[in-house]
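Below is one structure, written out as structure tokens; comments come after it.
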Amino acid sequence: MNDSEISFSERVYTIVAQIPCGKVATYGDIAKRSGNVKAARAVGMCMNKNRDTYRVPCHRVVASTGELTGYAFGGVEAKRKKLLEEGIVFVGDRVDLKKSEWK
DNA sequence: AGATTGACCGTGT
DNA sequence: GACACGGCCAATC
């Protein structure tokens, strides 16, 4: 810290908070938007540490394949349910990034 | 300070 | 489409 006053995590949180309802973003995409194209893993770790579910809709973040990975508030099942309620298009157990990917 | 881990991704077979 | 391998990042032990 000190140059931009915000850490990588804060940057990620901000980006995730910008995801509109009914849309999802991939870790890789967030990583790109955060500045580091290859920081997808770090993004996931920040999500795991994140406690502000209402401030940061981390449930709208899925893998590049559209598959739901983890969720620190009830597991992928709760995550999938939330996405379904938000109108995310599902294809089996995966999200249809073709239609619901945030871009 | 060094090693390990984790909600990943891209590529090759 | 599924499985295996390697690479990269940041946080944690």
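This structure is a prediction, so every number in the text was calculated from the model and none was measured.
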So do the side chains of Y27(A) and S64(A) get within less than 4.5 Å of each other, counting heavy atoms only?
->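 The answer is no; the side chains never approach within 4.5 Å.
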
Name the nucleic acid region contacted by A31(A), choosing base, sugar-phosphate or nothing; use a 4.0 angstrom heavy-atom cut-off, strictly under.
->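 The answer is nothing, as A31(A) stays clear of every strand by at least 4.0 Å.
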
Indicate, with a heavy-atom threshold strictly under 4.0 Å, whether C46(A) touches base, sugar-phosphate, or nothing.
->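 Counting heavy atoms under 4.0 Å across all strands, no contact is made by C46(A).
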
For atom [atom1] of [X] and atom [atom2] of [N], their distance in whole Å:
X	N	atom1	atom2	answer
E67(A)	dC3(C)	CD	C1'	13 Å
E10(A)	dC9(C)	CD	P	21 Å
I30(A)	dC8(C)	CD1	P	21 Å
Y71(A)	dG6(B)	OH	C1'	18 Å
F8(A)	dC8(C)	CZ	P	16 Å
D29(A)	dC8(B)	CG	C1'	13 Å
N50(A)	dA10(C)	CG	P	18 Å
R41(A)	dG10(B)	CZ	P	13 Å

Taking the side chain of [X] as heavy atoms from C-beta outward, which of [options] is closest to it?
X	options	answer
A39(A)	dA7(B), dC9(B), dC9(C)	dC9(C)
K49(A)	dA7(B), dA10(C), dT12(C)	dT12(C)
M47(A)	dA2(C), dA10(C), dA7(B)	dA7(B)

Using atom C1' of each nucleotide, how far apart are dG6(B) and dC8(C) to the nearest Å?
->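 Here dG6(B) and dC8(C) have their C1' atoms 13 Å from each other.
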
First of V62(A) and M45(A) reached from the 5' end of DNA chain B, by closest nucleotide |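 Nearest-nucleotide comparison on DNA chain B picks M45(A).
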
Path from F8(A) to I19(A) over hydrophobic side-chain contacts below 4.5 Å |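 They do share one cluster, since a chain of ILVMFWY contacts under 4.5 Å joins F8(A) to I19(A).
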
Flag yes if W102(A) and Y13(A) sit in one hydrophobic cluster, no otherwise; membership is Ile, Leu, Val, Met, Phe, Trp, Tyr, and two members link when side-chain heavy atoms are under 4.5 Å apart.
->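 Both belong to a single hydrophobic cluster.
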
Please figure out whether K38(A) or R94(A) has its closest DNA chain C nucleotide nearer the 5' end.
->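 On the 5' side of the pair lies R94(A).
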
Taking only the side-chain nitrogens and oxygens of [X], find out if one of them lies under 4.0 Å from OP1 or OP2 of [N].
X	N	answer
S9(A)	dA11(C)	yes
S64(A)	dC8(B)	no
N36(A)	dA10(C)	yes

In Å, rounded to the nearest 0.5 Å, how long is the span from CZ of R60(A) to CD1 of I30(A)?
->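 Rounded to the nearest 0.5 Å, the CZ-CD1 separation comes out at 11.5 Å.
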
To the nearest 0.5 Å, tell me how far T26(A) OG1 sits from L97(A) CG.
->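 It comes to 7.0 Å.
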
